There are 2 protein chains.
Amino acid sequence: MATSATARVGSLHPDDWIRAAQARLAGQGVESVRVEVLARDLGVSKGSFYWHFRDRGELLDSLLVRWEDSELDWLNRDDGASAATRWARFLERTASPKRMRMEIALRAWARGDEGVATRVAAIEKRKARLIEDVLRDIGFAETAAESWSEVALLICLGWLDLATRDKQFQFASRSLGDLLSEFILAASGGSSAPNR
Amino acid sequence: MATSATARVGSLHPDDWIRAAQARLAGQGVESVRVEVLARDLGVSKGSFYWHFRDRGELLDSLLVRWEDSELDWLNRDDGASAATRWARFLERTASPKRMRMEIALRAWARGDEGVATRVAAIEKRKARLIEDVLRDIGFAETAAESWSEVALLICLGWLDLATRDKQFQFASRSLGDLLSEFILAASGGSSAPNR
DNA sequence: GGGACTGCATACGGTACCGTATGCATACGC
DNA sequence: GCGTATGCATACGGTACCGTATGCAGTCCC
């Protein structure tokens, strides 16, 4: 990637390419992020692209790094906040239509790229821990919090899949939140922990 | 598609192409089912393909029909069987690694093709109803069975996603079954139904 | 105001597909 | 055993990409 100290007005920044790539990734999957296509989207030729990036792989990597950063950003932001705050933030982030499509695209991508899979899994584990912490904070026992947090994560993943496929599906943030609330309520009253 | 009354020995059947396509679909997604690639897989030229099929679209459609049939087959087979039998069959089918990869590939495909999405959703709804019926059979109230069956389906979908990405993930059929059992136990003891 | 560097445009060769056209050996019907 | 249809091979033109090479107008720097 070119490192220009003096960005001239009217010229493209690598971020422009990354944003365009993110839009395509979220919309139609990795296979659709093609440099010649992005160039058309941005109204320039691909000569521009290869000035900013070494190749398509570098763009995809920058994309992934940017996503990782933005995820870790909000995940770390309110580490000391109340359970309610962290839970609200989590729901807000994972039920946002735009983010949902990105998450789905990343997971599809991960299935064909070991490296991507590892990095997505890391962020995912972080989210599972967030849920686990919240569950503990609201009174779940240690092992129960861990076990049920994993099930909660599965529900979120399933929700992502369904919501990004079914057009009938309503994207109200309340729905996933309600579902999880009901689930957690049931889990708190039922068995202390799934045996695993 | 060509309809040959007399299949000569040593010659390919459309099913051979469909099977090869299924393997690629399950393994690497729709984008990977390419007629020239399949021809190489089968050790013939693509001239053969275009004798059996009109185009790539026809192959993909045949593929989908074949999947629908095989799903409806086992879904309908034991309609009158006991809840335990139907549940066991369901778990056996949805936790099989080979089928899991196919299910995931189909859902990724569905996201880019409205028609596929509709047909996948139909089968999916059928499975949700299977779960719902089982829940009712084991004592859940009407509304509770409906509500919790949807959550159970989300867990299955999340499981599909995770299991097909994470290499650490163990594909023991017991795991999904156990998870769902624990979930159902908790649901039976908790709130009667999520409010929706 | 004359290099030098920047940020792109253009053109090129290469690969991987698609679908069509056509040739051709083999088996089948009779 | 001979025409005919079958099941494929081969060759072709076309599209959509990739990455590289090179040209070139503008801007910066002094």
Side-chain angles (χ1 to χ4, degrees), chain A residues 1-25 27-64 105 108-109 112-113 115-116, chain B residues 1-25 27-64 105 108-109 112-113 115-116:
Chain A
M1 191 186 308
T3 54
S4 72
T6 65
R8 295 151 74 172
V9 289
S11 75
L12 256 36
H13 191 270
D15 287 358
D16 296 323
W17 290 95
I18 295 177
R19 267 189 295 272
Q22 278 179 326
R24 288 222 149 250
L25 173 60
Q28 349 252 21
V30 228
E31 290 307 312
S32 81
V33 1
R34 299 281 146 196
V35 352
E36 304 200 22
V37 174
L38 295 177
R40 282 193 289 273
D41 287 353
L42 291 173
V44 295
S45 74
K46 67 177 177 174
S48 170
F49 176 84
Y50 288 99
W51 191 89
H52 292 288
F53 298 89
R54 200 163 46 73
D55 55 17
R56 178 172 175 268
E58 192 182 59
L59 171 66
L60 290 178
D61 203 66
S62 304
L63 196 62
L64 196 54
W109 181 11
D113 185 318
V116 175
Chain B
M1 191 184 306
T3 53
S4 71
T6 64
R8 295 149 75 171
V9 290
S11 75
L12 255 36
H13 191 271
D15 287 358
D16 295 323
W17 290 96
I18 294 178
R19 268 190 294 275
Q22 278 178 325
R24 289 224 148 246
L25 173 60
Q28 348 252 25
V30 227
E31 292 307 312
S32 81
V33 2
R34 298 283 144 195
V35 351
E36 304 199 28
V37 175
L38 295 178
R40 282 193 289 273
D41 287 353
L42 291 173
V44 295
S45 74
K46 66 178 177 174
S48 169
F49 176 85
Y50 288 100
W51 192 89
H52 292 288
F53 298 89
R54 199 165 47 72
D55 55 17
R56 179 172 174 268
E58 193 181 60
L59 171 65
L60 290 178
D61 203 65
S62 305
L63 196 62
L64 196 55
W109 181 12
D113 186 316
V116 175

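Remember, predicted model here, so these are calculated numbers, not experimental data.
Residues passing the side chain to side chain donor-acceptor pair (under 3.5 Å) test with Arg56(B): none are found, sequence neighbours excluded.
Here dT27(D) presents its P atom at 16 Å from CG of Leu12(A), a figure rounded to the nearest Å. One can place CG of Leu38(B) at 14 Å from P of dC8(D), the figure rounded to the nearest angstrom.
No side-chain heavy atom of Asp16(B) sits less than 4.5 Å from a side-chain heavy atom of His52(B).
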Take nucleotides 16-23 of chain C nucleotide by nucleotide from the 5' end and write B, S or -, depending on whether a protein heavy atom sits under 4.0 Å from the base, only from the sugar-phosphate, or from neither. -BBBB---

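Only one option out of Val37(A), Val44(A), Leu42(A) pairs with Arg40(A) in a side-chain contact (heavy atoms from CB on, under 4.5 Å); it is Val37(A).
Taking only side-chain nitrogens and oxygens, His52(A) comes nearer than 4.0 Å to OP1 or OP2 of dC8(C).
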Criterion side chain to side chain contact (heavy atoms under 4.5 Å, CB included) on Val35(A) and Leu59(A), from CA distance to verdict: CA-CA 9 Å; Val35(A) 352; Leu59(A) 171 66; 6.0 Å; no

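To the nearest 0.5 Å, atoms OG (Ser62(A)) and CH2 (Trp17(A)) are separated by 13.0 Å.
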